[in-house]
S.K.: 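Before I ask anything, here is the structure I am working with.
Here the structure is a predicted model, which is why all the values come from computation and not from measurement.
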Amino acid sequence: MECKLAVSMMHDYLDDDLPELQQRELKEHLLSCTDCRAKFKELEQTDMLMFSLMHQTPVASEDLVGRIMNSLPKPKKERAFITWIKRHPALTAASVFIFVMLMSSVTFWNQDRQLVVRGTDLDQVVIKGDTVIVPSGKIISGDLTVENGKTQVYGEVNGNVTVIDGSLYQASTAHISGQVKSIDQAVSWLWYKVTNMFSEVAYR
């Protein structure tokens, strides 16, 4: 067998494509020819190297992995209240609804506030804007009720003084024989609106 033919058969042999008869002829030639035997070893080593490179799984070093991870942008931290909103969407929607209803109710309440003065001897009372004044030396025989305004007492009230959604100033010269009451109707009114709102939702 010529060396040229033997070299061409080496490739087929390494690829397992050489018939059995030709395999025996190639082996006999390699035993007798040192040059072809050296050539075959080179081809065999090259084939093994290519096989190992094709089937080797690349492994990145820890240093490379660390540098890649550090170069990535940091995730933005969400604020606590945004996280809470995302986790409780139904509760958030209900809270916003109640807040809007309360704000609209307060606006309506503030728009409908007018000064109201009730009692006897109202001719003894001086009204300046939203302020009701019982002047010094004046006497009111009976109860005095002031709603949505300021009350200033310098004289005498022979009865009860009731202030609804307002303020009361009692001077050192003042004398009130009855009880002094201060009522905040806004709180009661808002409570009524909230409970009524929930009742309407429940029965829809």
S.K.: According to a hydrophobic-cluster definition based on side-chain heavy atoms being under 4.5 Å apart (Ile, Leu, Val, Met, Phe, Trp, Tyr only), do I139 and V125 belong together?
M.R.: no
S.K.: Any pair with a residue in residues 119-130 that passes salt bridge (Lys or Arg N to Asp or Glu O under 4.0 Å), sequence neighbours left out, goes on the list, sorted by first then second residue, please.
M.R.: none
S.K.: Please enumerate all residues that pass side chain to side chain contact (heavy atoms under 4.5 Å, CB included) together with T145, with sequence neighbours excluded.
M.R.: R118, T162, I164
S.K.: Find the distance between CD (E2) and OG (S8) and round it off to the nearest 0.5 Å.
M.R.: 10.0 Å
S.K.: Has the side chain of N160 got a donor or acceptor atom that lies under 3.5 Å from a matching backbone atom of G178?
M.R.: no
S.K.: Say you draw a straight line from CE of M9 to CG of L18; how long is it, rounded to the nearest 0.5 Å?
M.R.: 4.5 Å
S.K.: If I take atom CG from residue L144 and atom CG from residue L168, how far apart are they, to the nearest 0.5 angstrom?
M.R.: 9.5 Å
S.K.: Starting from I133 and following side-chain heavy-atom contacts under 4.5 Å between hydrophobic residues (I, L, V, M, F, W, Y), which residues can be reached?
M.R.: V126, Y154, Y169
S.K.: Taking all non-hydrogen atoms of both residues, which atom of R37 and which atom of S32 are closest, and how far apart?
M.R.: NH1-N, 4.3 Å
S.K.: Looking only at heavy atoms, what is the nearest atom pair of G159 and I176, with distance?
M.R.: O-CG2, 3.5 Å
S.K.: Which atoms form the tightest heavy-atom contact between L115 and V146, and what is the distance?
M.R.: CD1-CG1, 4.0 Å
S.K.: For V134 and E156, work out which heavy atoms get closest and say how close.
M.R.: CG1-O, 4.2 Å
S.K.: Is the shortest heavy-atom distance from the side chain of M10 to the side chain of C36 under 4.5 Å?
M.R.: yes
S.K.: When clusters are formed by joining ILVMFWY residues with side-chain heavy atoms under 4.5 Å apart, either directly or through shared neighbours, do V116 and V161 land in the same one?
M.R.: no
S.K.: Can you list every pair that meets salt bridge (Lys or Arg N to Asp or Glu O under 4.0 Å) and has a residue in residues 15-27, with sequence neighbours left out?
M.R.: E20-R24
S.K.: Which residue pairs pass the ring pair (Phe, Tyr, Trp, His ring centres under 6.0 Å) test when at least one of the two sits in residues 15-48, sequence neighbours left out?
M.R.: Y13-F40
S.K.: Under 4.5 Å side-chain heavy-atom separation, chaining through any Ile, Leu, Val, Met, Phe, Trp or Tyr, what else clusters with L31? Say none if it is isolated.
M.R.: none
S.K.: Minimum heavy-atom separation for T173 and S136, please, with both atom names.
M.R.: OG1-OG, 4.5 Å
S.K.: Which distance, rounded to the nearest 0.5 Å, do you find between the NZ of K39 and the CG of L30?
M.R.: 12.5 Å
